[in-house]
Number of protein chains: 2
Amino acid sequence: MKSIAENTINRLIVYKKELGRLLKDSVSNVYSHKLAQLSGFPSHLVRRDLMNVGYYGSPAHGYKVNELEKCISDFLCTPDYVRVILIGVGNLGRAILDYCNQQNPKISIIAAFDSDKNKVNKIYHGIYTFHIGSVQNYIKENDIKVAIITVPGSEAQKIASEIVESGVNGIVNFTPVRLQLPDDVYIENLDMMLGLEKVVYFVDGG
Amino acid sequence: MKSIAENTINRLIVYKKELGRLLKDSVSNVYSHKLAQLSGFPSHLVRRDLMNVGYYGSPAHGYKVNELEKCISDFLCTPDYVRVILIGVGNLGRAILDYCNQQNPKISIIAAFDSDKNKVNKIYHGIYTFHIGSVQNYIKENDIKVAIITVPGSEAQKIASEIVESGVNGIVNFTPVRLQLPDDVYIENLDMMLGLEKVVYFVDGG
DNA sequence: ATCTGTGAACTCGTTCACAGCT
DNA sequence: AGCTGTGAACGAGTTCACAGAT
């Protein structure tokens, strides 16, 4: 495991996104202060983070946008194309199918799964939906490593255990359940209610 | 501002949720190890966190589930009823309307807003949708402090500025845009793509 | 003059280890 | 024996401040 802090990774992903935006606007150079303003982090953190990825700018012109974007992408090891599956084609699942296809072209949701007969064999936002019963074979045959779980909480643990058993070792968990899985499985919990509660806390306290 | 770390708040919210689940199952006492296992954090962190909120258990019986749940809720200052609005009734917005209504009864989305004439005056998952043009008045008249933004990225900054001007000081931002707002506005960025990219990174690197 | 790069200091969250209690 | 509570040690992330470069 790389010895880079999780927070650093978060910021790098944000930088990458902002750099992509600058690229679109044909901006060729950027200073740490500008990148800091765009991403919302202090400029000295930006410089420190870029030290970590090993990219060096010049005092005169700052950083070259295209080179830096490439460098961060490489650092994040984003391969050319990562294939991800989504499990649970409810409201949230469909929203994510829609959302993700508009974003990062290097990460694609290539299949969806659900237990509802009415959804199986249908296409949502361009993604084919299979029956949940076939998910384990699908993972093995296609060597899937990352899955998004948007099933009801009551089913989350069972499905998570199954897909991990089949080879998945990275999960984006949108359910409110804390999944019990082996330590070598990376879990990103994105419980939306938790985010909302946090905001309520900090607004209240401020 | 309270001098409690953001991570601690995150964990407390998770504890609270797990305690609520234990309450439903009529479990009356819980040890730090058990709570640790359920929430996925080490037990000594659990104990340290509970020190922060000022709740004390007994070596013999651990913590009383109902008391501890109450204590954490009080600490998080969750008032009886927090009213939140949602802006942008697209796929994601509707999914959140659906999702949140099933969860925490103390935090309610009481209104939705959209610019699409076809959505205005409609009810989604029990929430009435108003035209975006009326959002500023609505915030002032109902003293809204927290908003969820699920509009397209291109509109996010404009709307965020408007609602902050009207009195909102806490935002759950589901768009990929980094909002530029005064420092006293608390922003929780929940860009789903970022979560996915993080998982891809850690899976790849592991 | 202004920006980058970085050693060093510092802060603070986490972990350790053990005393105290039942 | 096994739990909680906590002072103390630890360590990692962040900030500071300035040397170096253009």
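Only a predicted model underlies this, so the values are computations on that prediction, with no experimental measurement involved. Chain identifiers are assigned alphabetically (A, B, ...) following the order of the sequence lines, protein sequences preceding nucleic acid strands; residue numbering begins at 1 within each chain.
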- Message: Just the rounded figure in Å: distance from P of D:dG13 to CG of A:Leu50.
- Response: 17 Å
- Note on the structure: note: A:Tyr55, atom OH; C:dT6, atom P; distance rounded to Å ~ 14 Å
- Presence of A:Ser32 side-chain N/O under 4.0 Å of C:dT4 phosphate oxygens OP1/OP2: yes
- Message: I need the NE2-P distance between B:His33 and D:dA1, as an integer number of Å.
- Response: 16 Å
- Item | Interatomic distance, B:Asn52 CG vs D:dT6 P [rounded to whole Å] | 11 Å
- Query: Side-chain N or O of A:Asn7 less than 4.0 angstrom from OP1 or OP2 on D:dT14?
  - Reply: yes
- Message: What is the separation between atom NE2 on B:His44 and atom P on C:dA19, rounded to the nearest whole Å?
- Response: 19 Å
- Query: Which one, C:dG5, D:dA21, D:dT4, comes nearest to the side chain of B:Pro59?
  - Reply: D:dT4
- Message: OP1 or OP2 of D:dT14 versus the side-chain N and O atoms of A:Arg11: is any pair under 4.0 Å?
- Response: yes
- Query: Where the side chain of B:Ala60 is defined as all heavy atoms beyond and including C-beta, which of D:dT4, C:dT22, C:dG13 is the nearest nucleotide?
  - Reply: C:dT22
- Message: From CD1 of A:Ile9 over to P of D:dG13, roughly how many Å is that when rounded to an integer?
- Response: 11 Å
- Task: Please report, rounded to the nearest Å, how far the C1' atom of C:dT4 is from the CD atom of A:Glu67.
- Result: 15 Å
- Query: Does B:Tyr63 put a side-chain nitrogen or oxygen below 4.0 Å from OP1 or OP2 of D:dG5?
  - Reply: yes
- Do A:Asn91 and B:Tyr99 meet the criterion of a side-chain donor-acceptor pair at a distance under 3.5 Å? no
- Starting at the 5' end of DNA chain C and moving along, which residue's nearest nucleotide shows up first, A:Arg48 or B:Thr8? A:Arg48
- Measuring from A:Gln37:CD to A:Glu18:CD, what's the distance to the nearest 0.5 Å? 9.5 Å
- Minimum-distance pair of heavy atoms, taken over all atoms of B:Tyr56 and B:Met51: OH-O, 4.4 Å
- Are any non-hydrogen side-chain atoms of B:Asn52 and B:Leu12 less than 4.5 angstrom apart? no
- Task: Could you check which of D:dT14, C:dA17, C:dC3 has an atom nearest any side-chain atom of B:Arg47?
- Result: C:dA17
- Query: Using the ring of each side chain (for Trp, its six-membered ring), is B:Tyr138 parallel, tilted or perpendicular to B:Phe113, with breaks at 30° and 60°?
  - Reply: perpendicular
- Message: Without decimals, in angstroms, what is the distance between B:Ile4 CD1 and C:dC12 P?
- Response: 13 Å
- Query: What nucleotide, of C:dT6, D:dT6, C:dC3, holds the atom closest to the side chain of B:Met51?
  - Reply: D:dT6
- Message: Check the phosphate of C:dT6 against A:Tyr56, side-chain N and O only, distance under 4.0 Å to OP1 or OP2. Yes or no?
- Response: yes
